[in-house]
Number of protein chains: 2
Amino acid sequence: MKRKVTLKQIAKELDVSVSTVSKALRNSKEISQDTIDKVQAFAKLYNYRPNNIAISLKNRKSKNIGVIIPEIVHHFFTMVISGIENVANEQGYNVIVCLSNESFDKEVINMETLANGSIDGFIISVSKETQQRRDFHHLREVVNQGMPLVMFDRVADEIYCDKVVIDDAQAAYNAVNHLIETGCRRIALITTEDYVSVGNLRTLGYLNALRDAGIEVNENLVVKVNSEQECREKVAKLFKYQVVDGVFAVNELYALIAMREAQNRDLKIPDDVSFIGFTDGLLSQYSNPTLTTVVQHGYEIGQHAGQMLIDKLEEREADDYFRTEVIKTSILKRESTKSGDNLKVSQ
Amino acid sequence: MKRKVTLKQIAKELDVSVSTVSKALRNSKEISQDTIDKVQAFAKLYNYRPNNIAISLKNRKSKNIGVIIPEIVHHFFTMVISGIENVANEQGYNVIVCLSNESFDKEVINMETLANGSIDGFIISVSKETQQRRDFHHLREVVNQGMPLVMFDRVADEIYCDKVVIDDAQAAYNAVNHLIETGCRRIALITTEDYVSVGNLRTLGYLNALRDAGIEVNENLVVKVNSEQECREKVAKLFKYQVVDGVFAVNELYALIAMREAQNRDLKIPDDVSFIGFTDGLLSQYSNPTLTTVVQHGYEIGQHAGQMLIDKLEEREADDYFRTEVIKTSILKRESTKSGDNLKVSQ
DNA sequence: AACCAAAGCGAAAACGTTTTCGTGTTAAAA
DNA sequence: TTTTAACACGAAAACGTTTTCGCTTTGGTT
C-alpha cells in the first residue's frame, strides 16, 4: 500500500533540499557527516531505492538487453538465453525476451517497440520468414541509429554487426567424418528443404566429407523433408529401397525418427547402421540407444553474444569494429555410433 | 549514427513549441490542421518515435512484466513463458525474464532490481531453496508496495496474491486411477524426497487413488529419489525385488528411466507393466514406447497468469481481491499404458 | 579589521514526455 | 462598436534522478 519513497519526500521530511539528499546518499564530501548520517538512516528506515526509470532517462541508458528469438520452446535457444542471462546479470543488465514465433512481422514489431529507449542493445536470431524474404531493413535501421546489435546462429551476412555462429559446414563435415571413420560407407543425409542458410551449410559439410574420403555421392541417400510427418514417410522409403549403414540428420528429432525406423526393421544400432544428429538436446540424451550428436554449445554462444554486446555498450570496444566469433562444436559420442575401439574391426 | 529525434528537436526545426508538437502528433483538436500536417510530415520524415522511458516516467508505469522462474531450460517453464508472452504482447506489454537458478539469493536480488520502476508487476514461480526456507519476505514486500504479483505452479499459501496452479493431488489421483482402471494392481510410485510441495501433493493423490480402489499401500513400491543416478539405482532394486505392473512417476524423466529398466528385464510395455509420467514434454512424445502423461497445459497457465496480472494492472479488477485459478490437467494416453479396449481382457 | 578559503548546502537544469492552464488573435454575435 | 466565443498556440509543471554552479556561513590568516 505504501508507495515507494522518493528523494523529494525524504528531503521534505528532513527539511533539506533534494540535491542534499541525493549527495548524502552517495556519500558526497560536499555534505557534512551529520547530514549524511541523518539522511542515510532515514533512507534505510523507509527502504529507499532509486527509481530505475528516472535514472534511465537521465543517463539515456536502460541497462536492459533485448533478446529476440524465433521461439523459446527449444533447447538450443533456452541454452543461449541462459548464457546471455548469466553474463548480463553479472554486469547489471536485465534481459527482455521477445518471441518472433518465426514471423517476420512480429520480429519487426518487437524490434520497433523495444528500440525506443527500453533497451540499450539487441541480440537476435532472425525468424525463418525473415531469412526467406531476405528483408533485413529493421536490422539495418537499428544499426543506423547507433544501437549495438549482435546476431547469433541465424545471421545475415549483409548486416554489418557483431555475430556469433558455429561453423555449420565444418561441424557437419566432422560428424559425417566420424561416421566414415567408424566404418560407414553408405551414409544418408536427412536435411530440411530450405532457405534457412544453416541447412545448406550442413549439406555442404556432408558433401565435402564424402568427397574427401573418396566416397561417391549417392543422390538416393539424400532426403529433404519439411515436417515430421514427411520425415517419417521418406525415411521409411529410404530404408526400404536403399542399403544404409550411417545416417546424419540435421537435428535430433529427425535422427530419432530414423533410428526408430531402423529398429522397426530389426537393424542393430550401431552395428548395422550408425546415427548422428545435430544439436544436443534432451531427446539425444535419453533416447534408446542414446544418440551421438554434434553439440553446439548454446550456453557459450549466449555468453559470447552477451559479452560482445556489453563490450560495445560499455564502450570497451570501438563502435565501428565488428567481429564474427565462431564457437567450436564438438561431437558427443554415445551409443548410436561405433566407438573408435571397433574401428579396425569394422573396416 | 543519427540519434533518435525528439519532440524538442522537431519543435525547434518547425519553430513551434514542444507542446504543440506533442499535441499535433496526437491529432489534438487544439491544433490547426495546417500545423498538424506539417508536424506529422516532419515526424514521419525523421521517423520520430516517442521515447518509452520518458513515457514510463511520466505515467509511472513501464508496460513491462517481470517473470522470475527457477530455470529456463525446462519444457514446462518455456511453455508458461510462451503463454505469458502471448497475452502480454497482445496488450502492449513486454516480458522481462529473470532466472533464479533455484537460488533464494538470486531470486531476491532479481526482484529488488526489477521492483524499482522497471516493471509494473511480477509473475513468479519460486525457487526450491525459497520453498525449503519458507522465507517469502521479498514477495511480501512487493505486495506491500502495492505491486501486483501472480504466483504459479510453486506458490506460497501464506502470500496473499493471485495464483495459478494445477491440482497436483487430483492429477496424480487421475493418473494412478487410469492405471488401476486398465488393470494394474501393484503400482509403484517414483517421487522426489522433498520440501517441494508439489511432490507431496502428488504422493497424496497416489495414496488416495489406491485407497479408493481398495488397494492396500505397499511401502516397498514407493521410491523416493533425489537425482537421476539415485533413480536408476532404486528403480533397478525395485524391479529386482518386487512385482510391479504399473508405475507412476512424478516427472517424465523418472518414468523413462523406469521404462528403460523394465525393457532391460524383457518386460513388455504396456502388457506386463504400464507407465505414466507427470509433465508432458518432448521425452514423453518421442520415447519408445511413447509415454502416457499427465499434461499440465503450461501455455494456458502462462496465459492465465499473464491475463490476471494485466487485469490488475489495468485496474479491471479490485486490487484487494485475489483468486486462485486451478488449471485442469488431462491425461494424454500413449503407448505406455493399456487402452480402454483391453480393459476387460486385462482384468 | 579585512580578507580568503573551505565547508555545507540549495537552485536549477537536464533527460523526453504529456497535460493543464493561460493568453492572444480572430470571427461572429449583440 | 463592443462583447463573446472559438481557435491556435505556448508556458510550465510533473514524473525522479544527478550534477553543476553559486551562495552563505564559518574559521583562520594576515
Side-chain angles (χ1 to χ4, degrees), chain A residues 2-40 42-43 46-64 92 113 115-120 145-146, chain B residues 3-40 42-43 46-64 92 113-120 145-146:
Chain A
K2 45 172 186 180
R3 277 248 144 276
K4 299 234 68 172
V5 59
T6 69
L7 288 187
K8 195 191 282 192
Q9 291 167 28
I10 298 182
K12 186 189 277 182
E13 290 297 323
L14 296 184
D15 205 40
V16 292
S17 77
V18 171
S19 354
T20 302
V21 176
S22 176
K23 291 171 192 167
L25 289 174
R26 337 189 92 233
N27 288 306
S28 161
K29 60 188 90 72
E30 285 184 50
I31 308 296
S32 71
Q33 197 56 48
D34 263 18
T35 312
I36 289 186
D37 293 344
K38 201 173 54 175
V39 169
Q40 293 195 350
F42 192 94
Y46 283 90
N47 195 29
Y48 169 78
R49 294 278 181 278
N51 181 307
N52 291 331
I53 297 289
I55 293 180
S56 294
L57 183 57
K58 181 108 191 46
N59 296 343
R60 294 147 124 210
K61 53 177 64 171
S62 63
K63 286 275 185 177
N64 286 337
T113 67
N116 301 298
S118 300
I119 59 154
D120 299 337
Q145 280 171 25
Chain B
R3 276 247 143 274
K4 299 234 67 173
V5 60
T6 70
L7 289 188
K8 195 190 283 192
Q9 291 167 28
I10 299 182
K12 186 190 277 184
E13 289 297 323
L14 297 183
D15 205 38
V16 293
S17 77
V18 171
S19 354
T20 302
V21 176
S22 176
K23 291 172 190 167
L25 288 174
R26 338 187 91 234
N27 287 306
S28 161
K29 59 190 93 70
E30 283 184 51
I31 307 297
S32 71
Q33 197 57 48
D34 264 17
T35 311
I36 290 185
D37 292 344
K38 200 174 55 175
V39 169
Q40 294 195 350
F42 192 93
Y46 284 90
N47 195 28
Y48 169 78
R49 294 279 182 276
N51 180 307
N52 290 332
I53 297 287
I55 293 180
S56 294
L57 183 59
K58 180 108 193 44
N59 296 343
R60 297 150 119 200
K61 53 177 65 173
S62 63
K63 287 275 185 178
N64 286 337
T113 66
L114 288 188
N116 301 298
S118 300
I119 59 152
D120 299 338
Q145 279 172 23

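Numbered from 1 within each chain, the chains take letters A, B, ... in sequence-line order. Excluded from the calculations below are hydrogen atoms, water molecules and symmetry mates; all remaining heavy atoms, backbone and side chain alike, are included.
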Applying salt bridge (charged side-chain N to carboxylate O under 4.0 Å, His left out) to Lys38(A) and not counting sequence neighbours gives none
5' to 3', nucleotides 18-26 of chain D under a 4.0 Å protein heavy-atom cut-off (B base, S sugar-phosphate only, - none) gives BBBB-----
My understanding is that only residues two or more places apart in sequence, or in another chain, count here; which of them pass side chain to side chain contact (heavy atoms under 4.5 Å, CB included) with [X]?
X	result
Lys12(A)	none
Glu30(A)	Lys23(A), Ser28(A)
Arg60(B)	none

Original post:
Are Ile10(A) and Tyr48(A) side-chain neighbours, meaning at least one heavy-atom pair lies under 4.5 Å?
Top reply: yes
Any side-chain heavy atom of Thr35(B) within less than 4.5 Å of one from Thr20(B)? yes
Between [N] atom [atom2] and [X] atom [atom1], what is the distance in whole Å?
X	N	atom1	atom2	result
Asp34(B)	dT25(C)	CG	P	19 Å
Leu57(B)	dA14(D)	CG	P	13 Å
Ile36(A)	dC9(C)	CD1	C1'	12 Å
Arg49(B)	dG16(C)	CZ	C1'	16 Å
Lys38(B)	dC9(D)	NZ	C1'	11 Å
Arg60(A)	dG16(C)	CZ	P	4 Å
Gln33(B)	dA8(D)	CD	P	9 Å
Asn51(A)	dC15(C)	CG	C1'	13 Å

Walking DNA chain D from its 5' end, the first of Ala54(B) and Val21(B) to be reached, judged by nearest nucleotide, is Val21(B)
Contact list for DNA chain C against residues 8-16 of chain A - heavy-atom distance below 4.0 Å: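 Those residues are Val16(A).
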The side chain to side chain donor-acceptor pair (under 3.5 Å) partner of Arg49(A) among Asn51(A), Asn47(A), Asn52(A) is Asn47(A)
- request: Keeping the roles fixed (side chain from Asn64(B), backbone from Ser118(B)), state whether a donor-acceptor pair exists under 3.5 Å.
  value: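 The answer is yes, because a donor-acceptor pair under 3.5 Å joins these two groups.
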* To do: For Gln145(A) and Lys4(B), indicate whether the former's side chain and the latter's backbone hold a donor-acceptor pair under 3.5 Å.
  => no
Practice prompt. Using a heavy-atom cut-off of under 4.0 Å over every strand shown, decide if Thr35(B) touches base, sugar-phosphate, or nothing.
Written response: sugar-phosphate
